[in-house]
Amino acid sequence: MESLLDKKMGFVEGENQFGATVNWIVNGKLIKGNATQHTLIKLGDKLKSEDLNELIELSLLTKDEEWFVALMDRLKQQKEGETAE
């Protein structure tokens, strides 16, 4: 059984008074579940390349082309910034 300390990448689909409906990537599959607000961590503006790659995978699983393009642009900009430094 997975401990509460294990981290999963995903996105919040909706919220209510009890928590949130969340979509996670688990073993390359999109899984829906519930989470309480205090167990969720909002990702900051500065994501690591591996975080962006996981979100890109999630955008492909959800067939969200607009999100995919935005994430790819962000990854490209980040890599260009790393090259310039």
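- Note that CG of Leu55 and CE of Met72 are 12.5 Å apart. Values are rounded to the nearest 0.5 Å.
- For the ring pair (Phe, Tyr, Trp, His ring centres under 6.0 Å) test, residues two or more places apart in sequence or in another chain that qualify with Trp67 are Phe11.
- Remark: Ala70 engages no residue in a side chain to side chain contact (heavy atoms under 4.5 Å, CB included) (not counting sequence neighbours).
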Could you walk me through whether Asn53 and Leu75 pass the side-chain contact (heavy atoms from CB on, under 4.5 Å) check? CA-CA 8 Å; Asn53 286 328; Leu75 183 62; 3.5 Å; yes
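- Residue pairs meeting the salt bridge (Lys or Arg N to Asp or Glu O under 4.0 Å) criterion with at least one member in residues 10-26, sequence neighbours excluded, are Glu13-Lys32.
- Expressed to the nearest 0.5 Å, how far CD of Gln78 lies from CG of Leu71 amounts to 11.0 Å.
- To the nearest 0.5 Å, the span separating OG on Ser49 from CD on Glu54 amounts to 12.0 Å.
- Listed here is the closest heavy atom pair of Trp24 and Gly33: CZ3-CA, 3.6 Å.
- Rounding to the nearest 0.5 Å places OG of Ser59 at 10.0 Å from CD of Glu65.
- Distance check, rounded to the nearest 0.5 Å: CG of Asp51 to CD1 of Ile56 gives 11.0 Å.
- The local environment of CD in Glu50 is crowded, with over 12 non-hydrogen atoms from other residues, nucleotides or ligands closer than 6.0 Å.
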Derivation and outcome, side-chain contact (heavy atoms from CB on, under 4.5 Å), residues Thr21 and Asn34: CA-CA 5 Å; Thr21 303; Asn34 296 308; 3.8 Å; yes
